[in-house]
Structure formats: C-alpha cells, structure tokens
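See structure below.
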Amino acid sequence: MSHLQNLLLDTLLGTKHVDSAALIRLQERSLCVASPGFNVMPSDIRTLVNGFAKNPLKTRREGLYFKEKDYKCVRADDYSLYAKNENTGVIVVKTHLYLLVATYSEGMYPSVCVEATEKLETMIAVHFDKPGGPENLYLKEVAKPSPGEGEVLLKVAASALNRADLLQRQGQYAPPPGASNILGLEASGHVAELGAGCQGPWRVGDPAMALLSGGGQAQYVTVPAELLMPIPAGLTMCQAAAIPEAWLTAFQLLHLVGNVRAGDSVLIHAGASGVGTAAIQLARMAGATPLVTAGSQEKLQIAEKLGAAAGFNYKEEDFSEATLKFTKGAGVNLILDCIGGSYWEKNVNCLALDGHWVLYGLLGGAVISGPLFSKLLFKRGSLITSLLRSRDKKYKQMLVKAFTEQILPHFSTEGPQRLLPVLDRVYPVAEIQEAHEYMETNKNVGKIVLELPQ
Ligand SMILES: NC(=O)c1ccc[n+]([C@@H]2O[C@H](COP(=O)([O-])OP(=O)(O)OC[C@H]3O[C@@H](n4cnc5c(N)ncnc54)[C@H](OP(=O)(O)O)[C@@H]3O)[C@@H](O)[C@H]2O)c1
C-alpha cells in the first residue's frame, strides 16, 4: 500500500498538475488509496468500471457521469476516459489491475496521469545489460507482467539460483522462445491474479511454487496454471523455492529418462549439488542404491546423510575404480551425469552392461577425445541427453502432475522416508552478485535461495 500512497503523493500530486487522486483495485472494485478529501463513492466505482467494460465508443456516445452528473465523458478509449465539468476535469486511467481517478485543473496536462499509472505496473527484477561476470547484475525497475490466457500471476516470495542462471548471465544460454529474459527457473509465492480462462484449483492468495522457463527472480512472474504446485505442509517459502527446478529435473532424469528400477545402482555426479541432493533422495525412494561423487569430504558426508550408500571424492580417487569395487565389478545401471567431457572415460568404464548414462550438464566440458563409441558399444550402453527448460508446455504439465501426485506428499510425511529440500544459503535478492559469486566457487551444498522484497 505504501508504494501506492507514495505514487499518489510524489508522482501525481507532487507534479501540481493533479488536484486529487484515488486508486481503485479492479478485481475487488474497491478504493485502495485516495488523497485526503477525495472519496470515490461505490456507485461511482461501478459507473467507472462499467465504462471500461462497455464498448468505449458507446461509453462516449451515452456519456459517463461521475459525481452527481457534474462530469461528462468527452473521450474514451481502451486505456483512458476523460470526463469534464466547467472548471476541472477528471481523468480515469485503466491498467490491468487498477483504475486511477484524478481531478486536474483546466489547462493542465492530463497525460501525467497516464504516465504515473504506467509506473504502478512496475516491479523489481534481477537484470544485466550485457553478458559477463556477476558484477553486471543489478536490480532494475521493469514492467510487471500480466497473466495471459490460462496463466497465473505469482507474487514471488523466493526464487532459487541455478547453473543455468550463470550461463545465461555469461551469454551462453539464451532463454527458449517466448520465455522471459529475466533470470530464474523456479519460484515460490502467492497467486496474485488469474488470467482469462484459468480453470484450475488456484485462487488469489493461494501459496504456490512454480516451474518456470525464466522470470522467477522478480517480484512477479506469470506461469501457466498447470505448472504451479501446492507448497507441501510444513515447508517455508524459501524451502519451496528450492524444489521445482532441481527436484523436477532429478525426478525426470531418474524416472522418465533413466527408467530407474528398484534394485538398480545409480551413480550421481555432483552429489551435493541442488539436483544431486534431490536425486539421492529420489533414487532411495525408488528402491535403488545411490552412489555419489563430490569434491570434498564434507559434501560426501552430507550426501551419505541424505541416503547415498557410498561417496567418492573425485579429486582424491578414481571414482570409476571405486564404483566398480563397490558393485563387485558389475558397474552401475544408471549414471546421472552433469559433468560430461572430463568424466566420459571413467563413466563408460563403470557403466554396467546395458546401462543407461544420462547426460544433462557439461560442467566438465563438451569436448572429448578417445574411443567413446567402441567402449560404449562394448557395454551395449545407452547415452541419453536431457534438457528440461526447452521442453514444451505439454511435457512439463505431465511432469508437474506426476511429481505433484507421486512425490510432493513425501515432503510432509513424518519418518525416515521424508524428503528434504536442502538449502545452503538464503540471500536477499539485492545481494544477487554475491549469490552468483558463491555458486561459482562450487562451495554450496544444495540450493542457494534468493528472497524477494515483499
Ligand atoms: N539438463 C537439465 O534439464 C538440467 C536442469 C537443472 C540442472 N542441470 C545441470 O545440473 C548441474 C547441477 O546443477 P545445480 O544447479 O544443481 O548445481 P550446483 O548446486 O551449483 O552444484 C554444482 C556442483 O558441481 C560440481 N562441479 C562443478 N564443476 C565441476 C567439474 N568440472 N567437475 C566435477 N564437478 C564439478 C561442484 O561440486 P563439487 O565440490 O562436488 O565439485 C559444484 O558445486 C549443472 O550442470 C546444471 O546445468 C541440468
């Protein structure tokens, strides 16, 4: 509310073009803020809202009367209505959330009101002007999105950082067509508005978390209603923000791509990463045996606490040999690999006969040199690649539905089977540069979360 009050005081009354002003919230048809002494009566609110709902030409022809019929409509279009009496005018400007009503003195310039109203529709978002390092990131006031057909506007409480954000910032990972340019693949918050034709269970005010193609690191983001999920009971907004991208990725890699079966052994690289910490728990839940690699003892210990049967420090030992030893020479049935280039030979060495090797990241580079094909063929191995962000809406809807039904309840059940989103640090979004720098040091165990100003 204070943002709106400030807007009235500074941007409108402060200009001296405007005598008095009020804001009407369209959805509730109620006055939300007005300058002293300027009260818009409920009957006037109805008249004004109906004026915009009608064909603007008809409104103009029939007239729009406001305040004891002192004001007559002299102009109407989809965006603004001008009404006039002899000495002063009234301008009404509509955005998708508000009507702004202001009186202005004869001879003043009413477009000030249109400009001010446009400012109502801004929000703070993480932004960068050119690709490069974390120092390029800053918070910028940008246009607030409005939900399209079948979409929901989410007021973001928290979002989480992903490696994709670092790549996008470096200019190496453009958002898919149609996606927001703003960083952020996941968010939690409250439903702020429903777009036309939203038929699901969502209501304004509901807490929710969302899988996004972008846009999460802002105060508001739009998302197809089917990509929203309820927040499991007992979880905070920050914990919820850490779920969608990492957990849906891990769930997809294990079940839809890797076809994990009870009794399988699964080697999970970067076992203490956001995706890794989710994959360990989901592999356990599927009845498989998770093994992990990580770059420090501390990370391996946490992975083991989450359910890893064994962990190998790839900086100190050959994980391939250690894996073969653990599996008594059989190798693993499934490898979840976000490293790529630097691991290819060790991966294929410890892959079981007919094993699946799922490549979903390239932290260790994209270039290889050596007899990959012959080694893979000898194992009758399958090398499968996977990217979630660029999948189409239908696939993501199916994935979110399956995850919501099969996995989400386990974040709230008591007992050893309970799933846990692992959070490393929470940063206020204003510290976005520090958050990126921290992820680049490879120190995080689990997710790095960003809190948005409310
Ligand atoms: N394909 C998809 O749909 C999809 C979706 C989400 C994420 N991803 C990918 O999944 C990976 C993990 O993402 P995240 O956000 O969970 O990451 P994260 O939490 O930042 O963890 C990444 C960890 O990987 C390890 N690492 C980094 N460079 C390495 C290297 N050259 N060799 C070996 N280990 C290395 C580091 O841990 P150590 O200390 O153990 O070395 C680092 O902390 C990323 O590659 C990301 O792009 C893919």
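Counting convention: from 1, in listed order, for ligands and their atoms alike.
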### Query
Does an N or O from Tyr314, backbone or side chain, lie closer than 3.5 Å to an N or O of ligand 1?
yes
### Message
Below 30° counts as parallel, above 60° as perpendicular, anything between as tilted: where do the rings of Tyr343 and Phe319 land?
### Response
tilted
### Query
For ligand 1, which atoms sit closer than 4.0 Å to a heavy atom of Cys338?
10 (O), 11 (C), 45 (O)
#### Entry: Pairwise side-chain contact, Val126 with Leu139, heavy-atom cut-off 4.5 Å (strictly under)
yes
### Message
If you measure every N or O of Thr249 against every N or O of ligand 1, does any of those distances drop under 3.5 Å?
### Response
no
### Message
Under 4.0 Å from a heavy atom of Ser273: which atoms of ligand 1 are those, numbered in the order shown and with their elements?
### Response
16 (O), 17 (O), 18 (P), 19 (O), 21 (O), 22 (C)
### Query
Ser386: heavy atom below 4.0 Å from ligand 1, yes or no?
yes
### Query
Heavy-atom distance to atom 3 (O) of ligand 1: which of Leu300, Thr441, Leu388 wins?
Leu388
### Query
Out of Val445, Thr385, Asn444, Leu363, whose heavy atom sits nearest atom 26 (N) of ligand 1?
Leu363
### Query
Could Glu321 and Lys325 be called an ion pair, given the rule that one side-chain N must be under 4.0 Å from one carboxylate O?
no
### Query
Is the shortest side-chain N to carboxylate O distance from Glu434 to Arg425 below 4.0 Å?
no
### Query
Does some side-chain heavy atom of Leu383 sit less than 4.5 Å from a side-chain heavy atom of Val348?
no
### Task
Output the list of atoms in ligand 1 that are nearer than 4.0 Å to some heavy atom of Ala294, sorted by atom number.
40 (O)
### Query
Looking at Ile339, which atoms of ligand 1 are within less than 4.0 Å of one of its heavy atoms?
32 (N), 33 (C), 34 (N), 35 (C)
### side-chain hydrogen bond (donor to acceptor under 3.5 Å, both in side chains) partner of Lys447, chosen from Thr277, Asp424, Asn162
Asn162
### Where ligand 1 meets Glu245 - atom numbers and elements under 4.0 angstrom, heavy-atom basis
5 (C), 6 (C)
### Message
Any heavy-atom pair between the side chains of Val429 and Pro453 that's under 4.5 Å?
### Response
yes
### Query
Given the rule in the side chain to side chain contact (heavy atoms under 4.5 Å, CB included) test, do Leu282 and Val260 qualify, once you have shown the distances and angles that lead to the verdict?
CA-CA 10 Å; Leu282 290 175; Val260 71; over 6 Å; no
### Query
Between Val275 and ligand 1, is there a nitrogen or oxygen pair with a distance under 3.5 Å?
yes
### Any N or O of Gly295 closer than 3.5 Å to N or O of ligand 1
yes
### Closest to atom 8 (N) of ligand 1 (judged by heavy-atom distance), picking from Tyr173, Tyr343, Tyr360, Phe319
Tyr360
### Task
From the options Glu298, Arg391, Lys299, Lys443, select the one whose nearest heavy atom is closest to atom 43 (O) of ligand 1.
Lys299
### Message
Among all the protein's non-hydrogen atoms, which is closest to atom 25 (C) of ligand 1, and how far away is it?
### Response
Ala270 CB, 4.1 Å
### Query
Which ligand 1 atoms, with their elements, are less than 4.0 angstrom from a heavy-atom of Met439?
20 (O)
### atom 42 (C) of ligand 1: the protein heavy-atom neighbour that sits closest, reported with distance to 0.1 Å
Asn442 OD1, 3.5 Å
#### Entry: Side chain proximity check, Met439 to Arg163, heavy atoms < 4.5 angstrom
yes
### Message
Test side chain to side chain contact (heavy atoms under 4.5 Å, CB included) on Asn347 and His269; report intermediate values, then the result.
### Response
CA-CA 10 Å; Asn347 277 338; His269 291 313; 2.7 Å; yes
### atom 13 (O) of ligand 1 - nearest protein heavy atom and its distance
Arg163 CG, 3.7 Å
### Query
Looking at side-chain heavy atoms only, is the closest gap between Arg261 and Leu334 below 4.5 Å?
no
### Message
Here's a test for you: under side chain to side chain contact (heavy atoms under 4.5 Å, CB included), which of Val275, Leu387, Thr385, Leu388 qualifies with Tyr360?
### Response
Val275
### Query
Would you say Gly274 has any N or O atom under 3.5 Å from an N or O of ligand 1, going by distance alone?
yes
